[in-house]
Amino acid sequence: MHVRSGRRPSSLPLVLAAVSAVTMLGLGVGGVVTATNSKAPGTARDMHGDPVRLEAPVASAPGARATSSGSGRLSVPSVHLDVPLGALDAVRGRITPPGFRSAYLVRDVGVTPEHAASGTVVVVMHSLRGGGTAPGNFLTDVDRGRSRVATGAAVTVAGVAYTVTGSTLVDKDRIADDADVWGDVPDRLLLITCLEHPDGSPSTQNLVITATRA
C-alpha cells in the first residue's frame with residue numbers, strides 16, 4: 001500500500017468510519033431553512049446561495065487545514081458538475097468538510113492528484129436533502145437509488161483525467177471495513193458522497209464512484 005510521507009498505513013478505514021457519522025455524507029443535514037433566516041451571519045449556504053439548516057455542527061476540526069478552493073476543480077461534464085476542489089486533512093480519525101459548494105481532496109488519505117500514478121485519490125463532498133443542492137446531489141439519482149454518473153463518463157480532478165469504471169452503494173456502518181472499496185490502487189479515483197432518500201429521511205448509504213486515470 002502506497003503511503004505518503006507522514007501518513008499512517010492504517011488511517012484509511014479509521015477515517016471513513018468517522019466520515020459516515022458526520023454531515024458530509026448526509027447524516028444530520030436538515031435541508032434548507034426558511035427565508036426568514038437567510039440573512040443570518042455565518043449561515044451555511046448551498047450551491048444556489050440558499051441557507052442550510054444543520055442538525056449537527058459542520059466545522060473544520062482544529063489542524064484540518066481545510067480550504068474550500070485552491071486545489072483546482074472537480075469536473076464531471078455528464079452531470080453538469082464543475083466545482084472548486086478544496087482540500088483538508090483527516091484529524092484524529094475525522095474528516096470534516098467546511099462547506100457545501102466545493103468538493104474536497106483528502107490530502108493525507110490516499111495520494112494527491114500530482115501523484116495519481118502511485119495510488120488512489122480520494123475526493124469527498126456533501127449531499128443535501130430537503131431541497132438543498134451540494135456537489136453530491138449532482139452525482140446521485142435519489143428516486144432510482146443509484147449513481148447518475150455512467151460507466152465510461154469523464155471526470156477531471158485538478159487537471160488529471162479519469163474514466164468512471166463503476167459505482168457501488170455501501171451501508172454507512174460497513175464502509176470502513178469494505179476491502180473492495182479501500183484497496184489502494186495506482187491511478188484510481190474515489191468520489192464519495194451519500195445517497196439521500198426520496199422521503200427526506202437521513203441517508204443510510206454511501207455512494208462510492210470509482211474511476212481509473214485516462
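This one's a predicted model, so the numbers in the text were calculated from it and none came from an experiment.
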- Message: When you compare the side chain of E196 with that of P202, does any pair of heavy atoms fall below 4.5 Å?
- Response: no

- Query: Tell me, do V157 and V155 make a side-chain contact under 4.5 Å, heavy atoms counted?
  - Reply: yes

- State, without any angle test, whether S68 and Y104 hold a side-chain donor-acceptor pair at a distance under 3.5 Å. yes

- Item | From I209 atom CD1 to N206 atom CG, the distance as rounded to the nearest 0.5 Å | 12.0 Å

- Any side-chain heavy atom of T120 within less than 4.5 Å of one from L190? yes

- Looking at side-chain heavy atoms only, is the closest gap between R65 and T67 below 4.5 Å? no

- Item | Validation row: D46, N137 side chains within 4.5 angstrom (heavy atoms) | no

- Note on the structure: Taken to the nearest 0.5 Å, the spacing of R73 CZ from L81 CG works out to 9.0 Å

- For D171, the salt bridge (Lys or Arg N to Asp or Glu O under 4.0 Å) test, sequence neighbours excluded, returns none

- Message: Please find the pair of heavy atoms, one from S203 and one from C194, that lie closest to each other, and give the distance.
- Response: OG-CB, 3.4 Å

- Item | T193 OG1 to M125 CE distance, which is reported to the nearest 0.5 Å | 6.0 Å

- With the threshold set at 4.0 Å, does a side-chain nitrogen-carboxylate oxygen contact exist between D141 and R148? no

- side chain to side chain contact (heavy atoms under 4.5 Å, CB included) assessment of V142 paired with R129: CA-CA 10 Å; V142 173; R129 65 181 187 266; over 6 Å; no

- Mind checking whether L207 and S167 have side chains closer than 4.5 Å, heavy atoms only? yes

- Query: T140 versus S147: any side-chain heavy-atom pair under 4.5 Å?
  - Reply: no

- Residue pair L74 / T156, side-chain heavy-atom distance below 4.5 Å: no

- Hey, are H115 and T112 close enough side-chain-wise for a donor-acceptor pair under 3.5 Å? yes

- Task: To the nearest 0.5 angstrom, please state how far the OH atom of Y162 sits from the OG1 atom of T212.
- Result: 9.0 Å

- Between the CZ atom in R101 and the OG1 atom in T133, the distance rounded to the nearest 0.5 Å is 11.5 Å

- Query: Got a second to check how far S78's OG is from L139's CG, nearest 0.5 Å?
  - Reply: 9.0 Å

